[in-house]
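Convention: sequence-line order gives letters A, B, ...; per-chain numbering from 1.
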2 protein chains.
Amino acid sequence: MSENSLSSFSSHVDPATTPDNVIKALSIDNLIFGLDHGQLDILLIKHREGISAGRWALPGGWIRYDENLRDAASRHLLELTGVSDLYLEQLKTFGRVDRFPNERVVTVSYYALVSAEDYDLAAGHNAADACWFNVRALPELIYDHAEIIQYGIEQLQQNVRRRPIGFNLLPEKFTLLQLQELYESILGTKLDKPNFRRKIMKMGLLASCDEKQTGVAHRAAKLYRFDEQAYNTLMEKGFSFEI
Amino acid sequence: MSENSLSSFSSHVDPATTPDNVIKALSIDNLIFGLDHGQLDILLIKHREGISAGRWALPGGWIRYDENLRDAASRHLLELTGVSDLYLEQLKTFGRVDRFPNERVVTVSYYALVSAEDYDLAAGHNAADACWFNVRALPELIYDHAEIIQYGIEQLQQNVRRRPIGFNLLPEKFTLLQLQELYESILGTKLDKPNFRRKIMKMGLLASCDEKQTGVAHRAAKLYRFDEQAYNTLMEKGFSFEI
DNA sequence: CCAAAAGTGTTCGCTATACACCCATGA
DNA sequence: TCATGGGTGTATAGCGAACACTTTTGG
């Protein structure tokens, strides 16, 4: 389990201190996934005040009246990690009557994949405690956040096979083995190296960086980057990404 | 375009008459799909009162404080069509700031597939006007409902290929050609009959009814039904439905 | 008989899978 | 020279696409 301590401003929901310019009974919760040494991590924060003080939770907060849902998710993400311009997608809305104590609060969840390069950036801000946790070793969480994470992981496993979003978890330049280990880690399976290489290369989504790894105690691997332009071109022709 | 007129109680959102026991700023909208002569239809209602009187809309309404989201969707569906116990799944939450006039209303959308057998049942209740519309010939709709429907159709096209939900659009007993035409209609493609048959049969999800079509001017086809038990057994073994 | 749809058979090429193998490099 | 991962080759089985074909039934 990784616990890169990270300080950030937490505006997580707390009905006792709800400001006036937000929608009552409606909140945002972000699932921010990162990859650390081939392990899938998720970013959690610790409440400092209110009814949930000292307990771990998903980073989230209220939605302003003049703010689109995705913008609210982006804002909370930016405030918490300093990262912007991410792949950020709506996951699901959770609204069980008793999911929140005393009040009825429905929450819209979003998820984002943070690249390994931005992984440490997250440690920049100042406020509530925040840490990366391995998704297989989570602490106790408030409300239904464990359930939301469980759902998010399942969706991530499905989406990562159908859309080239996994690249967001890697640095700009990566090796084929890194990519393979990413898929193995998220999907929880072993993949055949030669077959994986061929499959990926045949898609034509990777551009060679004409560079090689350095500082490794074995033959240096070629570095590739995700070729977004090629992807867009292929998509227009009705290409379907499948792993 | 089919327009089986259907009367039903509409509790669709209207901020002017919002009762006290519901969550303000949060509504439900249902996408109810049906199949008519091989064409994909969607159920729409016409407002009788309020700011949207006389205009077509998705059947929906407010969420009560003591009511889970899905229960609210079920309730509105039941009130509008008389059908219960349906495949009913959350689609997405729409919350653009300006999607609703004067107020901020976020809506959680659900979708359901109504079987051909229940298709007419929908005409049972009494209240606002309601009709089935071919999804390719929709009237003008209120708010962002056209956008929601567009999104719903795209999701339906994807989900119908990955999960055996299409059967919900057919009667209990159906022929292989009916099933094929369903997929052709939703996916907007032509499929090869022999190959489709083999693919479906090899999955082992269909149980023979030991019955044949009657009243057709050609060789009568065997009738099949979806074998839910076989499906559950296969799912436990890690089976993946793909068309 | 014909039309229309039911249903079967067969070919061909691609792709997934499994696994053996050689290459380059630092310690 | 060995360990480690980089990278290539290849045989095989199975599946999908394409399409020719036979069967059954009502009119």
### Query
So what does Lys193(B) hit on the nucleic acid, given a heavy-atom distance under 4.0 Å: a base, only sugar-phosphate, or nothing?
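Result for Lys193(B) = base.
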### Message
Over all strands shown, is Leu176(B) touching base, sugar-phosphate only, or nothing at heavy-atom distances under 4.0 angstrom?
### Response
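Counting heavy atoms under 4.0 Å across all strands, no contact is made by Leu176(B).
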Can you identify which nucleotide, out of [options], has its nearest atom closest to the [X] side chain?
| X | options | result |
| --- | --- | --- |
| Ala221(B) | dG7(C), dC23(C), dG27(D) | dG7(C) |
| Pro194(A) | dC19(C), dG6(D), dT23(D) | dC19(C) |
| Ala217(B) | dG5(D), dG26(D), dG7(C) | dG26(D) |

Spacing between [X] atom [atom1] and [N] atom [atom2], to the nearest angstrom:
| X | N | atom1 | atom2 | answer |
| --- | --- | --- | --- | --- |
| Gln213(A) | dG6(D) | CD | P | 6 Å |
| Asn195(B) | dG7(C) | CG | P | 16 Å |
| Phe196(B) | dG7(C) | CZ | P | 13 Å |
| Ile243(A) | dT15(C) | CD1 | C1' | 15 Å |
| Arg219(A) | dA27(C) | CZ | P | 18 Å |
| Ile200(B) | dA6(C) | CD1 | P | 15 Å |
| Met201(B) | dG16(D) | CE | P | 15 Å |
| His218(B) | dA5(C) | NE2 | P | 6 Å |

### Task
Heavy atoms only: give me the nearest His76(B)-Asn30(B) pair and the separation to one decimal.
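What the structure gives for the nearest pair is CB-ND2, 3.7 Å.
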### Task
Would you name the heavy atoms of Phe133(B) and Pro139(B) that are closest together and state the gap between them?
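Reported closest heavy-atom pair: CD2-CD, 3.5 Å.
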### Query
With distance as the sole criterion, do the side chain of Arg198(B) and the base of dT10(C) form a donor-acceptor contact below 3.5 Å?
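A donor-acceptor contact between them is present.
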### Task
May I ask you to test the Met201(A)-Tyr224(A) pair for a side-chain heavy-atom distance under 4.5 Å?
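A side-chain contact exists here, since the closest heavy-atom pair is under 4.5 Å.
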### Query
Side-chain donor-acceptor pair under 3.5 Å between Gln150(B) and Glu154(B), yes or no?
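The criterion, which ignores hydrogens and geometry beyond distance, is satisfied for Glu154(B) and Gln150(B).
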### Query
Can a side chain N or O of Arg197(B) be found less than 4.0 Å away from OP1 or OP2 on dG7(C)?
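Answer yes for this pair, as a side-chain N or O of Arg197(B) is under 4.0 Å from OP1 or OP2.
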### Query
Can you tell me if the side-chain N/O atoms of Lys202(B) get under 4.0 Å from OP1 or OP2 in dC15(D)?
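Yes, Lys202(B) has a side-chain N/O under 4.0 Å of OP1/OP2 on dC15(D).
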### Task
For Asp192(B) and for Gln178(B), locate the closest nucleotide of DNA chain C by heavy-atom distance; then report the residue assigned to the nucleotide nearer the 5' terminus.
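Checking each residue's closest nucleotide, the 5'-ward one belongs to Gln178(B).
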### Partner of Glu147(B) under salt bridge (charged side-chain N to carboxylate O under 4.0 Å, His left out), chosen from Arg99(B), Arg96(B), Lys92(B)
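The residue from Arg99(B), Arg96(B), Lys92(B) that satisfies salt bridge (charged side-chain N to carboxylate O under 4.0 Å, His left out) with Glu147(B) turns out to be Arg96(B).
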